[in-house]
Each structure stands twice: as C-alpha cells, then as structure tokens.
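Given the structure is predicted, the values throughout are model-derived calculations rather than measurements. Letters go in sequence order (proteins before strands), and every chain restarts at 1.
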2 protein chains.
Amino acid sequence: MAPTILIVEDDPAVRELLAFILKQNNFEITEVEDAESAQQKLLQKHPGLILVDWMLPGMSGVDFAKQIKANKSTTDIPIIMLTARGEEEDKVRGLECGADDYVTKPFSPRELVARIRAVMRRLVPHKSDEVATFGDLLLDPVRHQVSVAGKLLQMGPTEFKLLHFFMTHQERVYSRGQLLDWVWGANSFVEERTVDVYVRRLRTALEVHSYDAMIQTVRGVGYRCSAEAQ
Amino acid sequence: MAPTILIVEDDPAVRELLAFILKQNNFEITEVEDAESAQQKLLQKHPGLILVDWMLPGMSGVDFAKQIKANKSTTDIPIIMLTARGEEEDKVRGLECGADDYVTKPFSPRELVARIRAVMRRLVPHKSDEVATFGDLLLDPVRHQVSVAGKLLQMGPTEFKLLHFFMTHQERVYSRGQLLDWVWGANSFVEERTVDVYVRRLRTALEVHSYDAMIQTVRGVGYRCSAEAQ
DNA sequence: TTTTTTTGTGACAAAATTATTACGGCAACG
DNA sequence: CGTTGCCGTAATAATTTTGTCACAAAAAAA
C-alpha cells in the first residue's frame, strides 16, 4: 500500500512536476492549491506526508505547518517544506515551526524522494515497545519475537501483528471487520474471511505449546483472546 | 541501548519540542523543569548528555553547568546549552559556562541532533571505544579490528561500522531505514536495499568463523543481532 | 432429522520480500 | 595511466508471505 502525499502548492507548474515525480515513485498523490483546501482534505483523510510550499496565497506554509503540528490528531503527520534557494533563516524557521525537513527549489527528483522516505521512516514507527504477556507466552515487540519459556515460536508478520493485537486487547470480542481495521489497516481491500485463515495460521503457530485455545471463536460475532476456557 | 538525554527546560512548549525531536532520533529522554530537579535525577542515574536552557527559574543554566563540571562524578557528562539568539550569545560562545556546545533558538532538528551526536562522539570516547564482544568475537574500535580467538577477520569500513552497531545494539530489531540512519548517517541518500547487500557482505566476512548466524533476518521488519538461534 | 448458516482447513497462484551476484563509478595509490 | 579496493545500485534468483477459493466440518435453525 503506497502512502499518500498531500501536495500544497499554488504554482501549477511546480505542482505538476512534484506530482509527476512522486507518481513515478509509487506514491499516491492529492493536490491542492492552498492551505484552506488542504485543511478540507485533512478532514476527510490523513495523508502519509504533507509537502507544502513556504510561500502560499492566503495562509503561509509556515502557519499551515504550525496548525498541523499543534493539532493533536494531525501532529504525527510528517511535513516537508519547499523553500526557494537562499535565506538560511527561512530554513530554520521552517523547521522550527514544526516541519520535519525542507527541500530547496530547484531540487532533484532523487533528493526529494530520498528526503520523503527518510522523514517517513523516522516518524512513522510509533509502536509500543512493551512486552505483552499471556500466561507463559511472551511477545517482545523490540526483538520482534514470541516465546514460551524461552522457546521461540515461528510465525509470519501478519500473524505476529494479529497476536500482538489480541494480547494487548484481551477478553474483548472483535468482529472480523474490526480486526481488519486494526491489523491490516483501515483501508485495505481484504475479504473478511481472510481473518479466519490468519486466525487458523496463528493457532497453528501456537499449537506446539498448547496456546492455540487462547484465540476463541465467538460464533456470529468474531474472535476473542481469553484466558478462560470456552 | 540508546543514550539517555536529560532535558532541563522550563518552557513546556520548547521542552515538548525537544523531547519530540529527540525521541524521533532514537534517544531516551528524561525531562525536568529546573536545575534542582535535574540534580535530583542525577543522584539516581547519569544521563548520556544534558541539554539545558540558558535561562531557568532558580539556578541559571550556567551555574548548573558549572556545578556539573565541578563535581568529579559528573564532570564527564557532556552538556549542551540552549540559548535564544542574541541572548548573551557571545558570552556563551566564549565557553565560560562550562558547556561543551551550545545551540541557539530557533534551531533545526537536524542541527540539534547533529550537535548532540558530535559532542557525544567527542566527549564519550571511552564508551564507543570500548571493545565490543559477542561470544568469542571481539571488535576493537581503537585498532579497528575484528577477531575471533586472535585470528583477525577481514572486512571493509562499512561492514565494520555495521557490525559495530549490531554488537552494541544486540537483541533489538532494526529496520533498514534505522540502520541507514545509524550506520550510514541520518541524511544519506542511500537505497534501503543497500543494507541487504552489506548484511550479506558482513555475513560472508563472519562466515569463516561460523558467526554468520548472529545477524538474523526478521522478515517484514529488518535485521537483528542475537545470540539465540532463530 | 433436515436444512441453513457459519467456521475450519488445505491448497494454490500471485505478490512481496530477501538473498545473491554482477557491474560501473570513483577515489587512493603506486 | 593502470590497479586496487570500496561503494552503491540494479538485475536476477530464491524464498516467504498473502489473500482467496473450494470444500469439509460444525453449529444453529427449521
């Protein structure tokens, strides 16, 4: 799933260039001309990153970035500011206002993409690092390992995420749709029955240590992670 | 283990900004509002670096820094001072305050992190110059040599840096992006796939002594250095 | 009991990820 | 100059993971 990038740029030529470069690099694009339209878009959906020009008609890029970073629901969205060459002061202020990086015009496509990737990988990982437990079962997000009494369990990435979710949300029933939202991500086009298959795979991975009963089926509703027997 | 940074800053906005930036860059954070609380914290545990504001309620940042440097048990802790532009800048620059470096507000995240890393490299040599071990494997940063039972292993500079990072950050999974940040530097324009190639080269170098299994692949996440078998 | 609905299971092809190899560029050095 | 060693990338091979389907099994409803 390609991350979406919101481009806020009033100059059509630059905007199209940006869109072109980013599309070439498999990013999804949303384009707007000013800060006001950008805020409209943000109400609908949060992009993976915002690319905003320093100079904009109406609200400036700096003020826009400030607003984004000040708002709790959007503060985690990375922002890269586009600035004209010159003025070191501008760069500093651009960063100080909350932008995570800047790119000076003219820029090379390579640099732009590199900076976007760098910022995203630094800002995206926001996961909890706490070890989750369920009886003797330990899930360590830092090591990315699951173990029972020191013995490691083997499983794929999705099974790991699913188990992590269950272990951190025990005793409560979740529908297949909810599990898709949490584990697969809110806008993934995946069949609900796929959840069944992964629950099965997870149970198989847990089976060797008799922990397969921890994921219980709640008929007509979904699944639950529980210590109590069915 | 990431170094801990003690932030001494009374302005909540600046404090949060600092904490935010540093957390993004893999530092552990302790935050306090004034010099007195900072001294309390120092009794419990020594941080890897202290970031202190020039202006503080109660004891000033300068006096605080002087105290830290005067005390034998804390004199080795690097101190970076935060100053506002124009705020007795020359005096601070004159190094009379005992700090090892200073950063003027407004600052860019890049500059802040760069200075922190620079100061830590400069002032905490005994830390990064310590011989790292992994079983029989020894890595000597001073001699720039890797050996097993006295036999030297041959490898290039990048493989060496990568191995050094892994040996000093065992058991934790790192994404390719994080490895690029740490080993190649925060703003290098290098493809993530390059990490794969260097892991391969490193494994090949370690292969002759059967240490190639120490770098483990964590599918969908990255790599990990671990003594435990997969 | 029979029918209907829901869930479990194994297999499979497509997609994604990682391993491995090869190559051109570049700087240091003779 | 040519050589050498290292760097980063690209191409390709090997491997794992992913999502879906068809069908079996189980549970609920009729």
Asker: Do you know which two heavy atoms are closest between T133(A) and Q170(A), and how far apart they sit?
Answerer: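 Nearest pair, atom of T133(A) first, then Q170(A): O-NE2, 3.1 Å.
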Asker: Quick check on the 6.0 Å ring-centre criterion: do Y174(A) and F166(A) meet it?
Answerer: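 Between Y174(A) and F166(A), the centre distance exceeds or equals 6.0 Å.
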Asker: Tell me: CG of D196(B) to C1' of dA13(D), nearest whole Å?
Answerer: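 Atom-to-atom, D196(B) to dA13(D), this comes out as 14 Å.
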Asker: Report yes if at least one side-chain N or O of W184(B) is closer than 4.0 Å to OP1 or OP2 of dG8(D); otherwise report no.
Answerer: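 Answer yes for this pair, as a side-chain N or O of W184(B) is under 4.0 Å from OP1 or OP2.
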Asker: Could you state the atom-to-atom distance from CD of Q154(B) to C1' of dT4(D) in whole Å?
Answerer: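 In whole Å, dT4(D) C1' and Q154(B) CD are 14 Å from each other.
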Asker: Measure the distance from OH on Y223(B) to P on dT17(C) and round it to the nearest whole Å.
Answerer: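 Result: 13 Å.
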Asker: I need the minimum non-hydrogen distance between Y211(B) and L137(B), along with the two atoms involved.
Answerer: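 For Y211(B) and L137(B), the tightest heavy-atom pair comes out as OH-N, 3.7 Å.
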Asker: If you go through the side-chain atoms of R193(A), does one of them form a donor-acceptor pair with the base of dG8(C) closer than 3.5 Å?
Answerer: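 Check passes, donor-acceptor contact within cut-off.
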Asker: If each of E191(A) and M155(A) is mapped to the nucleotide of DNA chain D with the nearest heavy atom, which maps nearer the 5' terminus, i.e. the 5' end?
Answerer: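 Final value for this comparison: M155(A).
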Asker: What are the two closest non-hydrogen atoms of M81(A) and G61(A), and how far apart are they?
Answerer: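 Heavy atoms of M81(A) and G61(A) come nearest at CE-O, 3.6 Å.
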Asker: Without decimals, in angstroms, what is the distance between Y198(A) OH and dT20(D) C1'?
Answerer: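 Distance check: Y198(A) OH to dT20(D) C1' gives 10 Å.
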Asker: Whole angstrom is fine here: how far is it from CZ in R201(A) over to P in dC21(D)?
Answerer: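 Spelled out: CZ on R201(A) to P on dC21(D) is 14 Å.
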Asker: On DNA chain D, nearest-nucleotide positions of V190(A) versus V197(B): which is more 5'?
Answerer: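 Nearest-nucleotide comparison on DNA chain D picks V197(B).
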Asker: Taking CG from D212(B) and C1' from dA19(C), how many angstroms apart are they, rounded to a whole number?
Answerer: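 The distance from CG of D212(B) to C1' of dA19(C) comes to 13 Å, rounded to the nearest Å.
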Asker: Rounded to the nearest 0.5 Å, how far apart are CZ of R176(B) and CH2 of W184(B)?
Answerer: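 Between atom CZ of R176(B) and atom CH2 of W184(B) there are 11.0 Å.
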Asker: Write down the distance between CZ (R224(A)) and P (dT7(C)), rounded to a whole number of angstrom.
Answerer: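 Interatomic distance, CZ of R224(A) to P of dT7(C): 14 Å.
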Asker: Respond yes when some side-chain nitrogen or oxygen of R219(A) is under 4.0 Å from OP1 or OP2 of dA28(D), and no when none is.
Answerer: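 For R219(A), the contact criterion (side-chain N or O under 4.0 Å from OP1 or OP2 of dA28(D)) is not met.
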Asker: Can you find a side chain N or O atom of T217(B) that sits less than 4.0 Å from OP1 or OP2 on dA19(C)?
Answerer: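 Checking dA19(C) against T217(B), a side-chain N or O does come within under 4.0 Å of OP1 or OP2.
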Asker: To the nearest Å, give me how far apart CD (E207(B)) and C1' (dT20(C)) are.
Answerer: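 Rounded to the whole Å, the gap is 12 Å.
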Asker: Which comes earlier along DNA chain C counting from the 5' end, the contact point of G222(A) or that of T204(A), where each point is its nearest nucleotide?
Answerer: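 In this pair, the answer is G222(A).
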Asker: dA19(C), OP1 or OP2 - any side-chain N/O from R203(B) closer than 4.0 Å?
Answerer: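 Yes, within the criterion.
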